[in-house]
Amino acid sequence: MTSFQDFNLADALTRALKEENYTTPTPIQAQTIPIALQGRDVIGIAQTGTGKTASFALPILHRLLENRIKPQPKTARVLVLSPTRELSGQILDSFNTYGRHIRLSSTLAIGGVPMGRQVRAVMQGVEVLVATPGRLLDLVQGNALKLTQVEFLVLDEADRMLDMGFINDIRKIVAKLPIKRQTLFFSATMPKDIAELADSMLRDPARVAVTPVSSTVERIAQRVIQVDHSAKPNLLAQLLKDEPVNRALVFTRTKHGADKVVKSLEKAGIPAQAIHGNKSQNHRERTLAAFRTGEIRTLVATDIAARGIDVDGVSHVVNFDLPNVPETYVHRIGRTARAGAEGVAISLVAGADELSYLRDIERLTKVTLPREDRRTPGLREAAPPAKPPHRGGRPGMQNARTNEGGNAAKGPRRRRRSNAKVPALPGNRQEPNRPSQGGGKAGSIQGVAFLHREGRPKNHAHNRNQRPN
Ligand code: AMP
């Protein structure tokens, strides 16, 4: 598997990645970074959550460093166009995170806030400007900014920009850019109008796409256990004792939750360790090695931390907390049933929130999972009424093949268990609508690796307009 070392990125970048605990590039990063480092245009089909921001930010920062020149007044060397203020802020944060050791000058140009500060921010020129198309044009038309020195252009979430009616603004912006530039174009979907836009902007682009989720999830037996919140730790310990566990991966939504689960398991006499963003790289490697060799059979992880885990023989995935993004569920349970093996996924569902997440999952996968009810009688919460799965899945979601009633009861069963299969998920979808990107939480079942922004600093409100040395 590729590692970030293989890209020979500038030391300052590698250092920042290490500090961020990035070990393994995601598939979109592994494909995009080497090509972009060569200076080629790239057209990438990837959604938020796949790590696509780093896939363009890292090679661009590396190339900026190879030729570090002071930007001219009222110009930007890198222009990133994104559809929303939130996404723009996240992209700027990413650039600043990866560029934290290089005194990067960077700023935002987004609508909905007064322009004066943005005018001042670009006055001296910036290396990286992340903008929404409308505000960018305002700055250009107000002579606060010239686009003549842009060396790198990124279009992020191009399909969404078209959905939001930015096509004309984008065309106007592109017409003002130098022809000689590197363009990196990302879209979650590639319908005809997006492909045409890409064609008009890119020169001999390399195409990259994240691979569809494999159909291995078909071999996963899924159980849902409704339980009181406070009873989850005991139930988890019981399950891990009762089930024929080879290796179990337990998912929690938060880092703190992961640590708490480890403590409660240890109390119950089940050795377990946690990996998450707060653990050192060293600790993470030691833990993974112990999990691989079987020294520890239970690993507790957050979604981000788990994405680098490439371990065969995970017999059980337990969702201690259900994810609020349904695609994350599919990705989590895909950690079992690898390499032709069969796997079990058990979800502990407590409260109305998790019940509604479960319904979202069922709508996405088009499978209704039978519930085992272990809630304390009398404490059972009134469940909100079930919404039936609708034919096309959630608006903008990929359609998963219907496999209702499929029963995947396989292998020895120790106790009563309801099983259901997740349908195989098709590949790229030719459909423009998709869920809105909200704070990096939106996702798709299109990509194998799904990352969720965790602990991302919310510092994009202010301008990090530091001068380069
Ligand atoms: P993105 O798809 O770019 O929005 O990234 C989603 C989240 O994954 C962000 O919080 C990133 O910081 C994180 N991330 C991106 N690449 C990696 C990686 N190779 N390893 C761990 N986390 C990553």
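Just so you know, ligand 1 is whichever comes first in the structure, and atom 1 is the first atom listed for that ligand.
For ligand 1, the polar-atom distance check finds an N/O of Gln29 within less than 3.5 Å of one of the ligand's N/O atoms.
Put simply, the residue from Asp259, Val261, Val318, Leu236 that forms a side-chain contact (heavy atoms from CB on, under 4.5 Å) with Val300 is Val261.
Between Glu295 and Arg286 there is no salt bridge, since none of the side-chain N atoms of the basic residue sits less than 4.0 Å from a carboxylate O of the acidic one. No salt bridge links Arg160 with Asp163; every basic N to acidic carboxylate O contact stays at or beyond 4.0 Å.
Within the 4.0 Å heavy-atom criterion, the part of Thr24 lying near ligand 1 is the backbone and not the side chain. Proximity of Gln90 to ligand 1, defined as any heavy-atom pair under 4.0 Å, is not found for any part of the residue.
Among Thr26, Leu87, Thr53, the residue whose heavy atom lies nearest to atom 3 (O) of ligand 1 is Thr53.
Note on ring orientation: taking the six-membered ring where Trp is involved, the planes of Phe95 and Phe56 are tilted (angle from 30° to 60°).
In summary, the atoms of ligand 1 found under 4.0 Å from a heavy atom of Gly51, numbered by their order in the structure, are 1 (P), 2 (O), 3 (O), 5 (O), 15 (C). Applying the 4.0 Å criterion to heavy atoms of Phe4 picks out, from ligand 1, the atoms 19 (N).
Looking at Arg63 and Gln182, their side chains do bring a donor and an acceptor atom within 3.5 Å of each other.
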